[in-house]
Amino acid sequence: MSSPPVAPRGWSRWLVPPAALSVHLSIGQAYAWSVFKPPLESALGLDGTQSALPFQLAIVMLGLSAAFGGTLVERNGPRWAMTVALICFSSGFLISALGAQTEQYWLIVLGYGFVGGIGLGIGYISPVSTLIKWFPDRPGMATGIAIMGFGGGALIASPWSAQMLESFGSDHSGIALAFLVHGLSYAVFMTLGVLLVRVPRTEKPVASGPSAFEGVQVSARSAVRTPQFWCLWLVLCMNVTAGIGILEKAAPMITDFFADSSTPVSASAAAGFVALLSAANMAGRIGWSSTSDLIGRKNIYRVYLGVGAVTYLIIALFGDSSKPLFVLCALVILSFYGGGFATIPAYLKDLFGTYEVGAIHGRLLTAWSTAGVLGPLIVNWIADRQEEAGKHGSSLYGLSFSIMIGLLVVGFVANELVRPVHSKHHVPAPKEGADVDRHQSA
Amino acid sequence: MSTDTSPPSRRGLIAFAWLWVGAPLAYGLYELVQKATQLFTG
């Protein structure tokens, strides 16, 4: 077992967010996988379902490794976790490069999907509890910065990968070279995180205000046995499902909504709309999560879920009457989607303390995996059935929007049910210095 | 005689670290803005 790296005297806490960002900006590449799909399909003779396999497996592995690897991350510390993430994520690309060069597609699925997916999960949770400990006064802002990076990763990778494929060619050798360059570049980029990350010294608080190591502390094992954990699981699942409801079909949705208007939406304008949604998603992660430090976690989720439901209702009732109104509402919903992701670690910290917050966060991310299946399923299945029934335009989405409103209301109620954790679940208060030992000399 | 020394300044390291992550993020945001403007011009 490795020892978490303790910060030397005078180490600045502002070095920790870039360490976290170097990991999250890298692993966020996962959402740009679609850039590789068409070249892989033509080079290796795959269909759309097959070419999506590496991404799908990677997301499954993200959920599994975050859920099952969280305790290891807590025990061994952020540097160990970032190193594992670096090795897995980069070697995933290198294995994929070998697969593309030898035209063995199963190697790409194994490399990017399985090995790289483990890197995604461990990397995603690696900086969370460390950031919360460095920023006990602003946990929402701190985790918001890191989780914003996951959204930002695709923004960087998407044009970068596309340009690389254009330079190297889209045949199997060109794809192999692109994978190779990705693997090596991300290894170098993530190294900054490994080198910079430190856990705070705990002989004095790192900031004025509450110390990271005081208050209620609950272990990951106990946390999953509390109703609070499952209420938050439901909150996250419903919020993410609602966001995916827009994100999944954003381009066809805006086109369908204004198909019969005097100013129909062109394909390039629809692509611009999708890009704007990505910006709202990212801005929501840092903006709303930071706001939660001021107005409280429960209140911010009331906004995400309550105002989110009303915003969905506005789109359903009046969305096709005004393009700016439609765009504005979609942007608000996507900002809440991003905010929901970024605020949840701080909410967990409020309820369960910092003791094993990274591991608890990892287990909660199974809600994301569930929503990742549920959201697209609802929107696509209903839109297909409505189309078969002869409906068109905005009426294709009326029913799915009603379902999304219902899901958000369920999430809102779950948030209202969140109460402080019963003392029977608390970890007994350690003697002075014992908590430090638990975190720094494991 | 006091042996206390003040901790080294980390300003240079902080600037480097933020530039390391900020530069690619700025590139991504620039590309995003280029694409997003198509909503109003496309």
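Values below: every heavy atom of this structure, side chains too, minus hydrogens, waters and symmetry copies.
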- Task: Please test A/Val265 against A/Lys323 for side chain to side chain contact (heavy atoms under 4.5 Å, CB included), starting from the C-alpha separation and ending with a verdict.
- Result: CA-CA 9 Å; A/Val265 177; A/Lys323 213 184 287 178; 4.0 Å; yes

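- If you measure heavy-atom distances from A/Met148 to chain B, the contacts under 4.5 Å come from the side chain alone.
- Between A/Phe89 and A/Phe93, the ring-plane angle classifies as perpendicular under the 30° and 60° cut-offs.
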Distance-only donor-acceptor pairs under 3.5 Å for side chains of residues 159-166 of chain A, two or more places apart:
| from | atom 1 | to | atom 2 | distance (Å) |
| --- | --- | --- | --- | --- |
| A/Ser161 | OG | A/Ala157 | O | 2.7 |
| A/Ser161 | OG | A/His182 | NE2 | 2.8 |

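- Expressed to the nearest 0.5 Å, how far CD of B/Gln34 lies from CG of B/Leu29 amounts to 12.0 Å.
- Between chain B and the residues A/Leu155, A/Val327, A/Ile156, the largest count of heavy-atom pairs under 4.5 Å involves A/Ile156.
- Between chain B and the residues A/Ala275, A/Pro17, A/Pro18, A/Ala270, the largest count of heavy-atom pairs under 4.5 Å involves A/Pro18.
- For A/Ile254, the part lying near chain B is the side chain, with the backbone staying farther off; criterion is any non-hydrogen pair under 4.5 Å.
- When heavy atoms are compared at a cutoff of 4.5 Å, A/Val274 does not approach chain B at all.
- Interatomic distance, OG of A/Ser394 versus CG of A/Asp256, reported as 9.0 Å (0.5 Å rounding).
- Note that A/Arg13 lies outside the cation-pi zone of A/Trp134, set by a 6.0 Å cut-off to the ring centre and a 45° limit from the axis.
- Residues of residues 19-30 of chain A lying under 4.5 angstrom from chain B, judged on non-hydrogen atoms, are A/Leu21, A/Ser22, A/Leu25 in numerical order.
- For B/Phe16, the part sitting under 4.5 Å from any heavy atom of chain A is the side chain, from C-beta outward, and nothing else.
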- Stepwise, does the ring-ring contact (aromatic ring centres under 6.0 Å, His included) test hold for A/Phe179 with A/Phe168? CA-CA 11 Å; A/Phe179 280 151; A/Phe168 299 156; over 10 Å; no

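- If you take CZ on B/Arg10 and CG on A/Leu196, they are separated by 10.0 Å, rounding to the nearest 0.5 Å.
- Between the side chain of A/Ser126 and the main chain of A/Pro78, no donor-acceptor pair closer than 3.5 Å is present.
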